[in-house]
2 protein chains.
Amino acid sequence: MDTDTASRPTLADVAARAGVSPSTASLAFSGTGPVSGATREKVLAAAKELHYAGPDPRARSLRRGRSGIVGVVIDERVSEAFRDPVNIAMLDGVAEAIGEIDAAMLLLTGTTGSDTPVSLETAPLDAVVLFGCSPTLERSVALLTQRGIPAVVIEGDAGDDVPEIALDNREATRLGAEHLRELGHERVAIVALPLEPSRARGPLTAARVDASTVETAIERARGAWDVFPDARGVVTAASYVEEGVIAGRELLGDGGGGDRPTAIIAQSDLLAAGVIRAAEELGLTVPGDVSVVGFDGVAVDGLDYDLTTLSQPSQAKGRAAGDAVVRMLAGERPESVRFTSTFHRGGTTAPPRA
Amino acid sequence: MDTDTASRPTLADVAARAGVSPSTASLAFSGTGPVSGATREKVLAAAKELHYAGPDPRARSLRRGRSGIVGVVIDERVSEAFRDPVNIAMLDGVAEAIGEIDAAMLLLTGTTGSDTPVSLETAPLDAVVLFGCSPTLERSVALLTQRGIPAVVIEGDAGDDVPEIALDNREATRLGAEHLRELGHERVAIVALPLEPSRARGPLTAARVDASTVETAIERARGAWDVFPDARGVVTAASYVEEGVIAGRELLGDGGGGDRPTAIIAQSDLLAAGVIRAAEELGLTVPGDVSVVGFDGVAVDGLDYDLTTLSQPSQAKGRAAGDAVVRMLAGERPESVRFTSTFHRGGTTAPPRA
DNA sequence: TATCTTAGTCGAATCGATTCGATCGAATCG
DNA sequence: CGATTCGATCGAATCGATTCGACTAAGATA
């Protein structure tokens with residue numbers, strides 16, 4: 001019935017039906033500018049009659065130059081990235097912050113295509129938060145600056161004028177290491193986060209660290225070495241509990257004869273949880289036979305220990321990234337932020353067995 | 001240098017510099033239509049010189065009528081929704097499916113505003129996947145049909161012509177319950193998922209179930225009651241391990257004298273893990289003193305038991321939803337899909353103590 | 001009463017790309 | 001050799017809303 005033109009009605013249709021000009025109809029909808037109550041009513045009524053669902057976001061964003069969408073780039077597939085609660089907490093923080101300007105998050109996986117992530121170059125983004133993903137990072141930032149899209153990086157060096165949300169990874173880890181030294185530990189091993197995009201497992205060597213681009217893992221390794229320069233270690237393939245188990249078995253297993261470490265510094269709580277499980281498997285007690293220090297301060301579901309760890313404010317980091325984005329969209333040029341972790345002495349560390 | 005006009009160059013600028021018409025430049029970029037190699041080169045060169053980063057997605061999507069964005073609606077805040085691996089797996093499935101048409105996911109939290117989620121009405125969405133979120137569901141679907149945006153619902157009844165990705169919740173739970181009965185259990189209790197948007201804890205009553213709109217919880221409760229009509233139970237506030245602990249304490253604690261259940265049917269693996277932990281806390285052994293059945297078949301990090309559960313294909317469900325979206329965008333009208341769970345007999349169920 | 005506001009509306013340009021139909025030249029065919 | 005065709009390119013309309021400047025009356029002021 002009525003003047004339905006098969007396709008969705010447009011603002012112009014509504015305006016025509018209400019007997020006003022499109023401009024007035026627009027004003028009536030957006031609330032900007034002076035419009036008499038009567039006119040607004042008329043327009044709204046016409047809209048209702050025509051089943052008009054509001055301005056087309058595509059047209060609106062073209063005209064306004066804003067889409068209300070903030071991209072979030074994670075360089076793994078969704079299921080992998082979100083297994084670590086740290087990432088979820090950060091995502092939550094971002095969501096909270098940008099929610100205040102009614103923006104939403106577009107989830108982009110860095111490794112979509114072969115070369116450059118398709119969506120990063122083609123999505124209608126107002127800004128982007130990069131989850132410290134080293135491999136793609138450089139390319140991504142270059143792409144974004146060319147497109148003129150503001151970006152913020154969480155844990156990762158993007159150089160020049162990209163605000164960075166950082167953490168005191170090295171200092172924090174050093175704190176944990178010093179705690180172990182004070183307890184009397186000398187043979188300490190490291191369980192490291194992946195160092196390369198390839199996520200190859202293997203021994204943790206200085207050379208490999210130098211060649212890496214994953215700031216987080218690098219800094220945490222250095223922090224441990226600051227206190228125990230000779231600490232050996234293994235690199236895992238991901239921040240999962242199972243990976244921690246694998247690493248733990250290798251470090252604590254029969255292999256090394258008398259040089260079994262008396263303490264292990266894990267670069268994430270999930271890894272730490274895995275190490276503990278591996279220790280239990282091998283009949284070792286924690287912290288009696290081996291002390292374990294984690295990183296993150298997340299509650300690892302199902303872990304029966306109060307983990308000694310370095311708590312980082314994950315949600316706040318995401319929040320800060322989101323805030324930075326909001327400010328950039330407001331034309332400001334936010335500073336980089338550096339968060340600090342706090343040492344939490346739990347029940348997984350004790351003096352080494354005499 | 002050159003003819004830089006302060007703002008970002010447009011396709012027209014590039015065309016002008018290359019000495020061709022905008023139409024030709026567009027053709028050269030999109031690869032559609034016949035363009036001589038030489039011309040294409042010229043255009044691309046001009047683009048490079050002007051630092052043109054490709055067509056503006058906003059303009060493109062206005063013209064094309066597609067934005068390449070699929071909304072995913074979860075009705076909790078991000079940090080809550082993603083604590084359950086089931087949701088992550090589903091999200092991953094959706095990402096995988098829509099990735100094939102180079103679309104990305106816009107994460108929308110249903111409860112953004114007070115009334116209707118702002119973004120659902122204003123975001124440039126090509127389609128939407130609703131994660132069975134009962135409270136908002138009806139409103140959301142209405143909104144989307146009005147806007148003419150295709151939608152798919154995972155676990156939730158959206159009525160008429162919205163494809164649904166369902167699961168055999170009732171039948172599957174019944175299977176688990178029958179397993180318990182065969183083992184000889186008679187006093188069985190249920191730990192249920194939240195029944196209302198308010199997420200209120202409390203006893204599980206038939207009345208409350210009837211009043212609920214959360215299909216998943218309802219069906220799973222009915223499945224249990226099919227076998228144990230008198231089973232009592234408690235409703236939790238979320239699918240977390242801690243909630244399971246709370247529920248477990250209540251059901252297994254001293255309170256009920258001799259009527260302590262010999263088996264518990266939890267509506268999710270996380271809840272089951274919590275129940276097990278509560279049992280251990282209370283000095284009960286699993287499955288010696290109490291048997292526990294879960295639902296989902298996810299690996300609960302840190303749970304030392306091989307949980308008896310009903311494995312559902314979470315990732316496949318997400319994948320199916322994504323595929324349905326892709327098909328709808330291609331103009332098809334995909335059927336609803338119903339997945340089935342498989343019973344996994346683990347080590348958390350045994351005959352009741354004589 | 002004449003002039004100055006000012007609230008309310010409207011026209012028209014604009015955002016940046018896509019696309020359909022038209023045009024023009026060259027190559028092919030009868 | 002004239003006619004047909006096909007490939008390459010261009011013009012102009014279009015997608016749907018926003019916004020700036022102009023215009024009209026009605027009310028305020030002198």
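By convention in this document, chain letters (A, B, ...) are assigned in the order of the sequence lines, proteins followed by strands, and residues within each chain are numbered from 1. Predicted, not measured: the structure shown is a model, and the values here were computed from it.
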Should B:Ile74 and B:Phe82 count as side-chain neighbours, where that means a heavy-atom distance under 4.5 Å? yes

Which one, C:dT19, C:dG16, C:dG8, comes nearest to the side chain of B:Leu62? C:dG16

How long is the straight-line distance from CG of B:Leu125 back to CZ of B:Arg147, given to the nearest 0.5 Å? 6.0 Å

In short, salt bridge (charged side-chain N to carboxylate O under 4.0 Å, His left out) pairs touching residues 21-48 of chain B with sequence neighbours left out are none

Of all of residues 51-60 of chain B, which get a heavy atom below 4.0 angstrom from DNA chain C, listed by number? B:Tyr52, B:Pro55, B:Asp56, B:Ala59, B:Arg60

If you look at every strand shown and take non-hydrogen atoms under 4.0 Å, does A:Ser26 touch a base, only sugar-phosphate, or nothing? base

Please write out the pairs of protein N or O atoms and N or O atoms of nucleotides 21-23 of chain C separated by less than 3.5 Å, giving the distance to one decimal.
none

Salt bridge (charged side-chain N to carboxylate O under 4.0 Å, His left out): pairs with one or both residues in residues 316-328 of chain A, sequence neighbours excluded: A:Glu96-A:Arg319, A:Glu100-A:Arg319, A:Glu155-A:Lys317, A:Arg319-A:Asp323, A:Arg327-A:Glu332

How about A:Val325 and A:Pro150: do any of their side-chain heavy atoms sit closer than 4.5 Å? no

Side-chain contact test, heavy atoms from C-beta onward, threshold under 4.5 Å: evaluate it for A:Ser67 versus A:Asp126 and give yes or no. yes

Under the rule of Watson-Crick or G-U wobble with both distances under 3.5 Å, where | means paired to another strand and [ ] a crossing pair, DNA chain C maps to ||||||||||||||||||||||||||||||

So what does A:Ser30 hit on the nucleic acid, given a heavy-atom distance under 4.0 Å: a base, only sugar-phosphate, or nothing? nothing

Side chain of A:Leu11 only, heavy atoms from C-beta on: which candidate in D:dT19, D:dA17, C:dA17 is closest? D:dA17

Report all interatomic pairs (protein N or O, nucleotide N or O of nucleotides 11-13 of chain D) with separations under 3.5 Å.
residue	atom	partner	partner atom	Å
D:dG11	N7	B:Ser23	OG	3.1
D:dG11	O6	B:Ser23	OG	3.4

With A:Leu130 as partner, the option from A:Val73, A:Val152, A:Val162 fulfilling side chain to side chain contact (heavy atoms under 4.5 Å, CB included) is A:Val73

Using a heavy-atom cut-off of 4.0 Å across all strands, would you classify A:Ser36 as base, sugar-phosphate, or nothing? sugar-phosphate

Do the side chains of B:Val129 and B:Met90 get nearer than 4.5 Å, heavy atoms only? no

